[in-house]
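To start, the structure under review is shown below, and the notes come after it.
Indexing begins at 1, ligand by ligand and atom by atom, following the structure's order. All residue numbers in this chain count up from 1 along the given sequence.
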Amino acid sequence: MAFFSLPSLTHPIHPTPVSSFSLKPLICSSSPGFFSHPFRPTRVTNQKSHAEASTCKAQKADHHQNPSTDDSISSSKSKCGKTSAGKFERRDVLLGLGGLYAATTLGTKQSSLALPVSPDIFNCTEATETRNGIPINCCPPSAAGYNDYTPSASEVYTRMPAHAVSHDYVKKYSSAITKMKNLSMSDPRNFYQQANVHCVYCDEGYPQLGFPDKKLEIHSSWLFFPWHRWYLYFFERICKNLLDDDTFTLPFWQWDDSSGMQIPSMFNDSKLSLYDCIRNPKHLPPKVVDLAYNGTDLPIDPNIQIQYNCCTMYTQMITQSSTPDCFFGQPLLGGNDPDPGAGSIENIPHNCVHDWVGDPSQPNNEDMGVLYAAGRDPIFYAHHANVDRMWYIYDNVLKRKNIEDPDWLNSSFIFFNEAARPVRVTVKDSTNLAKLGYTYPDLPLSWLDCKPKARRKGLNPTKSAPKASEVMPMQLEKPISFVVERPKKSRSGKEKAEAEEVLKIKGIQFDKGETVVFDVFVNEDDTSQSNPCKAESLGSFNSLAHGHSMKSTTSQCFAISEVLEELGADDFDSILVTLVPRRGAVTIGGIEITFVPKS
Ligand code: C2O
C-alpha cells in the first residue's frame, strides 16, 4: 500500500499572493489598540452606531492584506515539484496522517467519501460574494508548512465566569488583547488575524484537502464543537504567551445562569481592549439576553426572559441532546458538501447570542451577528468558552456519549500557535480537557429544573391538515401546518431508553449569507409566538449570517420522545407540525421521523 509520509512538516507551496486592501476600517476610538477592524467594508464607515458609548470612526489602513509570515517560503520550493498535499491521492494522504487511520476502517468504508475532513490551507480563496460587492479578505498570512501537534499539559487551569472575576484579572485579560491588537498584521497572532482564522474557516476560504471542489465549513456539522475548542485553545495560549503567564485562562460568558445573562461588564467598559463599539445598543447591560433571539425583542419582563432562557437551556441541553448527532451536529465526511446540519447548541443559543450582540444598524449585523466578523469582538471568545463548557457539561455532568466514528476523531484542522507557527491538530485530541490543560468549575445548573410543560395535554389537531408529503417541498413563506406520520407509537420504556424519536427537517435550502430563522411547533394551534417554556414550542431553525453569499442545503434534528410524552401524544399515530418563518427566504425539502440510538 502506498504510504505517503505527510508529516515531514513542510508542505511547499506557492504563497498566497499579497494583495493590499483599500477598505477603510472602523475602529472604536476608545480602544487602546492601535488599529482595529482592518477589513471592514467601506459602507460601514458611513453609518453611525446608536451606542452612546460608541465613538466609532474610520481610520485609513495602510497594512497589507496577506503578508507572508514565513521567510522560509522562498526557500521551500519542493523537491517534489509543485506539490500541494491536495494533489496526492486522498486516501494515501490520509494514511499518512501519523498512522491515524486504521486499514480496517478504510476496508469497511470503500467509498472515498467516508474519510475524515481536513483543510487545504495552501489554496485559500477570498470571499467575494458580499452584499456590497466588497471582498471580505480573510485568508490568514500564508505559511510554508505545518507541524503536527499533540497536547500534553502537565497542569490544569480552570476557566472562570466573566462576570465573577477580579479587577486584576480583567486588567490582565485586557492587556493580553491590547498586546494582540498591537502585533504586526503580518503576525498571525495579531487579534484581527485571529478573527480572520475564524472567518476563513466559516466563509469557505479553504477547500477540503484532497477535494479541491469541496469547500470546508466548520459550522453546521459535527466539526463545530471540536473546531471551536481548538480555536480557543490557541487563542488562550497566545494570551498566556504574551502575558508570560501560564496560569492565565480565558473567561466564559455564563449566559446559562441568571447571574450571567447580560453582557459581562468587562466587555462593556470602553476604556478596555475588551470593548467593541459595534454591538446592538439596545442590548447593552442591564438588558437580559434572549437565548432564543430571532431578531425581534420580546415585549416581556426581564424575569420572564430569565425563565424563558432557563427553559431554552433545558430544551437544548437535555431534550435536544439525547443523541450524539442531535447534540454535536450531523456527520461531515471528506468530499461531502458542507452544512449537513447543526447540533442543538450551535443552533440555539449559540447562533442566537451572536445575533443578539451584533449591531443591526451595520450592513451585516457586525461584529458578532455575522460569522465573518464575529471574532473581531472580544466577547466572541467568552461566548465560545461557554459554548465549549456546554460540551464539558454534556460529558462530565450529563455523562452522555461523544461521537465514536473515526471519521470525526481523525478530522483535523490547522491553527497558528503561540509561536506564530501553523500546527495541525485532530478532533481526537480535543476530547480530553486534562490534556489540553484547562477545565471548567462545577457550578450549579439551574436549568436542570426548567423542563417545559404542555400548554394543553392530549390535543390532537391533525384532522383537517394535509400530509407532509402533500406540501413538500415548499417555499416557507407563511406559517404552514401538516401531519407527520410516526413509524411507531406507544413504545415501551426500554425502547425509549435505547432510541430517541427524531423529527428531522431535511433539504432546508437558503443562502447562508443572511440569517435565516423559522420556528417549529408540535400539536399547537396558536403559533403566533414561540414560548420556550411550553412543550408545544419544539424550537427553531437558526442559521447565522456568514456575510458571503453561499447556497446551503442543510437539515435540523429535533428529539421528540420526551416532548410527545409531555404533550400526552405518545399514543397518537401522527403529529401536527407547524413551521413559522421568522427571517430570511427558505425552502424545505422534506420531513421524517426516525429512531436513533441515544447518547
Ligand atoms: Cu464559529 Cu460562534 O461561531
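Here K214 pairs with D337 in a salt bridge; the nearest charged N to carboxylate O distance falls below 4.0 Å. Checked for salt-bridge contact, D519 and R582 meet the test: a charged N lies under 4.0 Å from a carboxylate O. A salt bridge links R583 with D355; the closest basic N to acidic carboxylate O contact falls under 4.0 Å.
Within the 2.8 Å limit, H384 places no N, O or S atom next to atom 1 (Cu) of ligand 1. When distances to atom 1 (Cu) of ligand 1 are checked against a cut-off of 2.8 Å, H219 contributes an N, O or S atom below that limit. With a cut-off of 2.8 Å, atom 2 (Cu) of ligand 1 has an N, O or S atom of H350 in range.
Atom 2 (Cu) of ligand 1 is closest to atom NE2 of H354 (considering only N, O or S atoms). H198 contributes NE2 as its N, O or S atom closest to atom 1 (Cu) of ligand 1.
Remark: R159 is positioned above the aromatic ring of Y438, its terminal NZ or CZ atom under 6.0 angstrom from the ring centre and at most 45 degrees off the axis.
H198 and W227 have their aromatic ring centers within a separation under 6.0 angstrom.
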